[in-house]
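Report on the structure given below.
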Protein chains: 2
Amino acid sequence: MPKKRTLPYVLLGLINDKQHLSGYQMVQEFKHEISDFWTASHSQIYPELQRMTDDGWITTVTPDTQPDANRNQTYYALTSTGHDVLLDWLREPLTQKDTDLFALKLFFIKTSDSPLLKPLLAQQLTLSQNRVTYLKSRKETVFQSQTDIDSHYGHFLTLSRGIERESNYVLWLQHLLETL
Amino acid sequence: MPKKRTLPYVLLGLINDKQHLSGYQMVQEFKHEISDFWTASHSQIYPELQRMTDDGWITTVTPDTQPDANRNQTYYALTSTGHDVLLDWLREPLTQKDTDLFALKLFFIKTSDSPLLKPLLAQQLTLSQNRVTYLKSRKETVFQSQTDIDSHYGHFLTLSRGIERESNYVLWLQHLLETL
DNA sequence: AAGAGCATGTAAAGTGTTACATGATTGC
DNA sequence: GCAATCATGTAACACTTTACATGCTCTT
């Protein structure tokens with residue numbers, strides 16, 4: 001099975017938020033807002049927009065506002081198919097791999113009452129909890145004596161850091177789920 | 001400028017730790033220990049080992065131990081050049097980009113008295129502190145009113161999470177630097 | 001009118017994954 | 001003997017980055 005492409009869904013999410021968006025504006029978004037979760041250069045974006053148009057996920061539109069400014073930009077909007085595709089993608093369960101998809105999907109959820117929010121948080125909570133368990137067991141397996149620690153100190157630190165980071169993640173998710 | 005390759009340095013680090021290592025053993029390492037920081041398949045590893053041998057960074061060796069077991073494995077050891085290359089790479093300052101290099105380099109530091117350790121931690125501390133500052137300023141810029149939060153709740157959460165994660169990182173690094 | 005930035009697009013090169021392939025060894 | 005795994009290697013494909021290229025617009 002080929003690896004799932006992510007870029008088209010990111011573009012769908014971006015357009016969905018702004019109603020209509022030009023390729024250039026998407027490039028700017030990648031330079032600022034979502035650069036933490038995903039990056040893409042204009043050389044990727046423009047051909048991808050063409051493919052998505054061909055697939056009927058998006059269409060070119062001429063926005064009513066902005067009568068003559070930036071006339072040379074091509075604006076895109078979601079089709080109903082595109083909207084469905086985006087929702088389906090957001091609903092797909094998270095897996096142990098592609099860990100970064102959680103933050104990316106979360107980014108695209110607009111309101112706190114979205115039915116997508118709680119499942120997403122719950123999924124990530126489970127993944128993070130499993131990860132803490134795994135890292136702790138690895139730490140105990142690999143570092144049974146002080147000698148093991150002293151001779152592989154960097155490895156010891158990375159494992160310790162991983163446990164701390166993921167535990168902090170679990171706490172944040174739990175707190176958030178409680179307050180919702 | 002082409003993007004800096006990482007795989008060869010990872011292989012150098014692996015070999016350096018174990019004195020001598022076969023390609024197959026490296027594949028196993030990637031399946032377990034370092035999978036958090038870097039991944040590589042055997043299709044990448046074997047050609048890379050060939051390149052590194054051509055460049056004089058490593059040489060094939062026949063380990064004294066294990067007289068006849070696994071005779072069909074090819075073992076590699078660092079040359080003095082390879083050792084220098086690894087040290088140079090570890091000494092290269094971290095940048096805002098390639099964030100994951102910190103954990104990877106840390107993984108390859110063997111002892112707590114290594115002169116490489118403190119600079120590495122200090123560099124990452126600076127990077128993380130800058131990142132906290134940046135994320136906080138973004139949060140203030142983007143979310144000035146409750147309405148902004150309510151209409152882009154997922155984005156708000158990712159930014160909040162980013163700040164928390166990076167702050168936790170800063171605390172961990174500071175604590176570690178104090179105890180060393 | 002010239003230079004900087006806007007806006008889009010294609011081409012080439014690098015990197016990584018998946019698939020294909022093969023011989024050797026080990027266990028049943 | 002046969003299947004599974006060991007161990008290595010190559011080929012094809014997918015994705016991303018960098019470079020190349022072009023026309024438009026705005027400012028000085």
Side-chain angles (χ1 to χ4, degrees), chain A residues 1-11 14-15 18 20-32 34-35 37-55 58 60-63 66-76 95 97-98 100-101 104, chain B residues 1-11 14-15 18 20-32 34-35 37-55 58 60-63 66-76 95 97-98 100-101 104:
Chain A
M1 53 200 143
K3 206 176 183 182
K4 182 90 174 175
R5 278 177 63 63
T6 306
L7 181 58
Y9 302 101
V10 178
L11 298 182
L14 285 176
I15 301 170
K18 305 289 169 67
H20 54 76
L21 213 57
S22 73
Y24 187 77
Q25 289 175 314
M26 299 179 205
V27 174
Q28 305 310 311
E29 291 283 327
F30 276 105
K31 281 183 181 166
H32 307 109
I34 42 174
S35 59
F37 318 119
W38 210 262
T39 57
S41 54
H42 77 275
S43 331
Q44 269 182 288
I45 292 171
Y46 290 119
E48 190 66 54
L49 289 172
Q50 190 54 60
R51 268 193 294 272
M52 293 165 73
T53 307
D54 295 345
D55 292 348
I58 55 179
T60 59
V61 292
T62 52
Q66 299 182 359
D68 51 15
N70 294 323
R71 198 182 291 282
N72 46 348
Q73 287 190 54
T74 312
Y75 287 86
Y76 296 89
T95 60
K97 315 185 173 193
D98 48 56
D100 41 0
L101 280 191
L104 188 59
Chain B
M1 56 201 138
K3 206 176 181 181
K4 181 91 173 173
R5 278 176 63 64
T6 306
L7 181 58
Y9 303 100
V10 178
L11 298 182
L14 285 176
I15 301 170
K18 303 290 168 66
H20 54 76
L21 213 58
S22 73
Y24 187 77
Q25 289 174 316
M26 299 179 204
V27 174
Q28 305 310 311
E29 292 282 327
F30 276 105
K31 281 183 183 168
H32 307 110
I34 42 174
S35 58
F37 317 118
W38 211 261
T39 57
S41 54
H42 78 275
S43 330
Q44 271 183 286
I45 292 171
Y46 291 119
E48 190 65 55
L49 289 172
Q50 190 54 60
R51 268 194 294 271
M52 293 164 73
T53 307
D54 296 344
D55 292 349
I58 55 178
T60 59
V61 292
T62 53
Q66 299 183 0
D68 50 16
N70 294 326
R71 198 183 292 279
N72 46 347
Q73 286 189 55
T74 312
Y75 287 86
Y76 296 89
T95 60
K97 314 185 175 193
D98 48 55
D100 41 0
L101 281 191
L104 188 58

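Letters A, B, ... mirror the listed sequences (proteins, then strands); counts begin at 1. Worth saying up front: this structure is predicted, and the values here are computed from it rather than measured.
The shortest distance between the side-chain N/O atoms of A:Arg5 and the OP1/OP2 oxygens of D:dC15 is below 4.0 Å. Checking the phosphate oxygens (OP1, OP2) of C:dT8, no side-chain nitrogen or oxygen of A:Tyr24 falls inside 4.0 Å.
Regarding B:Lys4, its NZ atom lies at a distance of 15 Å from the P atom of D:dT18, rounded to whole Å. Between the CG atom of B:Leu7 and the C1' atom of C:dT17 there is a distance of 13 Å, given to the nearest Å. Rounded to whole angstrom, the span from the CG atom of B:Asn72 across to the P atom of C:dA24 amounts to 9 Å. Between the CD atom of A:Gln50 and the C1' atom of C:dA7 there is a distance of 15 Å, given to the nearest Å. Distance CH2 (A:Trp38) to P (D:dC15): 11 Å, rounded to an integer number of Å. Put simply, CG on A:Leu21 is 10 Å from P on C:dT8, counting in whole angstrom units. Taking atom CD on B:Gln73 and atom C1' on C:dA24, their separation rounds to 12 Å, with Å as the unit. A straight line from CE of B:Met26 to C1' of D:dA7 spans 13 Å, rounded to a whole angstrom.
Among residues two or more places apart in sequence or in another chain, the side-chain hydrogen bond (donor to acceptor under 3.5 Å, both in side chains) test is passed with A:Ser41 by none. With sequence neighbours excluded, no residue forms a side-chain hydrogen bond (donor to acceptor under 3.5 Å, both in side chains) with A:Tyr46. Judged as a side-chain hydrogen bond (donor to acceptor under 3.5 Å, both in side chains), and not counting sequence neighbours, the contacts of A:Lys18 are A:Glu29. Under the rule for a side-chain hydrogen bond (donor to acceptor under 3.5 Å, both in side chains), the partners of B:Thr95 that lie at least two apart in sequence or sit in another chain are B:Asp98. With sequence neighbours left out, B:Arg51 forms a side chain to side chain contact (heavy atoms under 4.5 Å, CB included) with B:Arg5, B:Glu48.
Side-chain atoms of A:Thr60 and A:Tyr75, non-hydrogen and from C-beta on, never get closer than 4.5 Å to each other.
At a non-hydrogen distance threshold of 4.0 Å, B:His42, B:Ser43, B:Tyr46 from residues 40-48 of chain B come into contact with DNA chain D.
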